[in-house]
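For reference, the structure discussed in these notes is given below.
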Amino acid sequence: MTAASPPFTTVIGLEVHVQLQTKTKLFCGCVTTFGSPPNTQVCPTCLGLPGSLPVMNRCAFELALRAALALNCKIAAFTKWDRKNYFYPDLPKGYQISQFDLPFSYDGHLEVSDPKGAFEPRRVGIIRVHLEEDAGKSMHDEAAGTADSRIDLNRTGTPLCEIVTQPDIRSPQEARAWLNELKLLLVYLGVSDCNMQEGSLRVDANVNLHIPQDDGRIAKTPIVEIKNMNSFRSVERALAYEAERQWGEWQATAAELGSMPKQTRGWDDAAGITRGQRHKEESSDYRYFPEPDLVPVTVTDDQVAAIRASMGEPPAVLRQTLESRWEISAYDADVLVNQGKELVGYFEELATLVGEGKAASNWMQQDVLRCLNERGGAIADFPVRPTAVADIIGRIKQGDFDTSRGREIFAEVLETGKPVADVVAGMGIAAVDDSELKALCAELISANPKIVADVQGGKEQAAGGLIGQAKKKNPNVNPGKVRAMVLELIRSMS
Amino acid sequence: MPAESSPEPSLTPADVKKVALLGRLALSGAELKNLTAELSQIVGFVSQLAAVDTDAVEPLAHPLDAQNVFREDEPAASLPTSEALRSAPRQDGECFLVPAVLGDSGSA
């Protein structure tokens with residue numbers, strides 16, 4: 001702890017809902033397309049009409065299993081669903097089909113670390129992962145001042161994985177980093193697109209403070225659940241605000257955990273504050289009971305093994321693989337993996353063509369990623385393919401031109417879509433042969449006696465002045481070669 | 001008749017009030033009184049089961065002896081919006097209309 005550390009520990013647990021990437025809803029064949037006109041993706045089952053019955057979507061269950069395995073969870077051999085009863089207009093049945101006492105998976109973890117060491121690596125425990133259905137959407141136009149809310153049930157019955165962590169996270173920054181890692185993992189595995197704008201990933205956070213007392217006791221402030229956070233950045237800001245707010249409240253009231261019901265607060269992103277909402281109902285108020293319309297599901301070890309085998313490498317493993325396979329730094333591997341599976345594919349194709357990872361990684365980060373970010377779009381649509389980049393790197397390595405000239409060629413290939421060879425020819429780039437180079441250097445030496453004197457006096461860096469002049473006379477010269485030739489000629493003069 | 005070993009459970013009016021609130025039922029004083037008595041009788045009747053020794057019995061998750069019923073992830077036709085909204089007390093051709101819902105959803 002440094003002197004600047006606050007006199008408390010922030011204790012954070014997260015509850016994350018992710019929408020599973022299925023074509024259809026959890027219990028019926030309505031599609032889950034985002035953004036369709038209201039109430040166009042509904043049927044008797046997801047409307048909760050009498051006589052309709054739910055049937056479990058196999059793909060949803062398998063994607064949920066995949067998520068749980070990736071989070072190192074234990075898989076229950078026997079699982080069932082329960083009714084969570086509450087009244088709300090976006091829940092047409094009057095209950096949500098969820099999982100209560102026998103979730104299909106539990107007791108896992110996901111680690112997060114920062115390649116720059118901003119915080120210590122943290123293993124965050126997962127209490128449980130369960131499979132449930134989403135509710136619909138209610139819309140209220142407060143400005144119009146009408147008395148009605150409008151209900152769109154397109155989202156009702158969409159499959160969700162609920163992921164509940166242990167209160168293992170110790171700072172807002174860690175919470176954000178952990179969410180980034182979770183999102184990366186779920187996107188890599190094809191479990192969810194985790195698009196927060198479209199509601200495919202939603203986060204609630206539980207937070208309180210542990211405050212050491214003079215008598216050695218740890219005082220704990222009441223736990224607050226924060227909702228309405230629309231980005232990972234909002235999560236970080238809301239948690240930072242809430243920790244400060246609780247610290248202020250503790251100093252004013254000394255209220256401890258258990259002295260009041262759990263409070264829910266909503267994050268107001270524009271105002272940058274949390275505001276109190278209703279008090280959380282006790283969980284018994286949901287009157288859970290086993291869902292009679294769905295039969296239980298059993299999972300065998302063979303099924304688990306088959307899903308595990310089909311999963312592919314999670315990001316944490318892939319970082320290590322890239323590090324050892326291509327001899328790149330942990331930081332470089334992190335940057336590449338965090339850009340997603342497709343970009344890693346591009347990198348590996350490039351590194352294979354070039355025959356080494358370091359140059360490929362540099363070009364990925366300095367040129368490909370930079371241009372990709374400027375242009376927007378997916379790496380799959382990026383016009384300069386790995387073969388072209390490898391071609392440029394190869395020509396640099398054999399001394400046709402230097403890296404900065406290579407960059408210009410890259411930019412031109414990106415701009416015109418022409419093959420590298422055509423661009424090289426069109427730019428008049430041709431390797432400068434040794435006799436041509438020697439003549440040019442000799443000319444510069446005789447024209448710059450001051451620089452020659454400096455070099456002879458021991459200031460070798462003075463030769464840099466000649467490199468610039470050489471590039472002006474012939475843009476195709478290789479600066480390294482000019483430097484070597486100039487020094488060699490000056491040495492032979494003395 | 002309740003087994004003699006199980007004590008007569010009795011619900012208080014406060015219990016019934018809470019259940020009514022959760023069920024969004026508004027009860028008059030007389031209704032509350034009657035229901036407290038009637039629900040107490042029902043709970044008392046069911047609590048006869050408490051006399052049975054169930055230590056060696058597995059909890060029953062479902063009365064049917066069936067498991068692993070799935071459907072494939074294949075789209076099926078949805079209802080036309082007009083059909084979906086047809087039985088709603090109030091609607092605007094696109095959405096169901098309900099009295100103003102303000103604040104946070106209780107969902108998920």
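Naming convention: chains lettered A, B, ... in sequence-line order (proteins, then strands); numbering from 1 in each chain.
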Over all heavy atoms of both residues, which pair between [X] and [Y] is shortest? Give the atoms and the distance, please.
| X | Y | value |
| --- | --- | --- |
| A/D148 | B/R90 | OD1-NH2, 2.8 Å |
| B/E74 | A/T24 | C-CG2, 3.5 Å |
| A/P296 | B/A66 | CD-O, 3.7 Å |
| B/D73 | A/K23 | OD2-N, 2.8 Å |

Got a second to check how far B/L22's CG is from A/F87's CZ, nearest 0.5 Å? 9.5 Å
How many angstroms lie between atom SG of A/C43 and atom CD of B/E83, to the nearest 0.5 angstrom? 13.0 Å
Non-hydrogen atoms of chain B under 4.5 Å away: do they reach the side chain of [X], the backbone, both or neither?
| X | answer |
| --- | --- |
| A/C28 | backbone |
| A/P37 | neither |
| A/L91 | neither |
| A/F61 | side chain |
| A/L63 | neither |

Find out whether [X] and [Y] are in side-chain contact, i.e. whether some heavy atom of one side chain is under 4.5 Å from a heavy atom of the other.
| X | Y | value |
| --- | --- | --- |
| A/V297 | B/Q67 | no |
| A/P44 | B/L79 | yes |
| B/K18 | A/D285 | yes |

For chain A, the option from B/P63, B/P80, B/G23 that forms the most heavy-atom pairs under 4.5 Å: B/G23
Can you tell which of B/A77, B/A61, B/S87 has the highest number of heavy-atom pairs within less than 4.5 Å of chain A? B/A61
Residue that, paired with B/C95, satisfies side-chain contact (heavy atoms from CB on, under 4.5 Å) out of A/L153, A/I151, A/N39: A/N39
Select one option (side chain, backbone, both, neither) describing which atoms of B/D65 are under 4.5 Å from chain A's heavy atoms. neither
Of the backbone (N, CA, C, O) and the side chain (C-beta and beyond), which part of B/L21 lies under 4.5 Å from a heavy atom of chain A, both, or neither? neither
Would you say that more than 12 heavy atoms from the other residues, nucleotides or ligands in this model lie under 6.0 Å from the CG of A/D301, or not? no
Kindly indicate, with the supporting measurements, whether the criterion side chain to side chain contact (heavy atoms under 4.5 Å, CB included) is fulfilled by A/K80 and B/H62. CA-CA 9 Å; A/K80 70 169 174 77; B/H62 200 278; over 6 Å; no
Under the ring-ring contact (aromatic ring centres under 6.0 Å, His included) test, which residues partner A/Y95, sequence neighbours left out? none
Looking only at A/M56, A/K25, A/Q41, A/M139, the option with the highest number of non-hydrogen pairs under 4.5 Å against chain B is A/M56
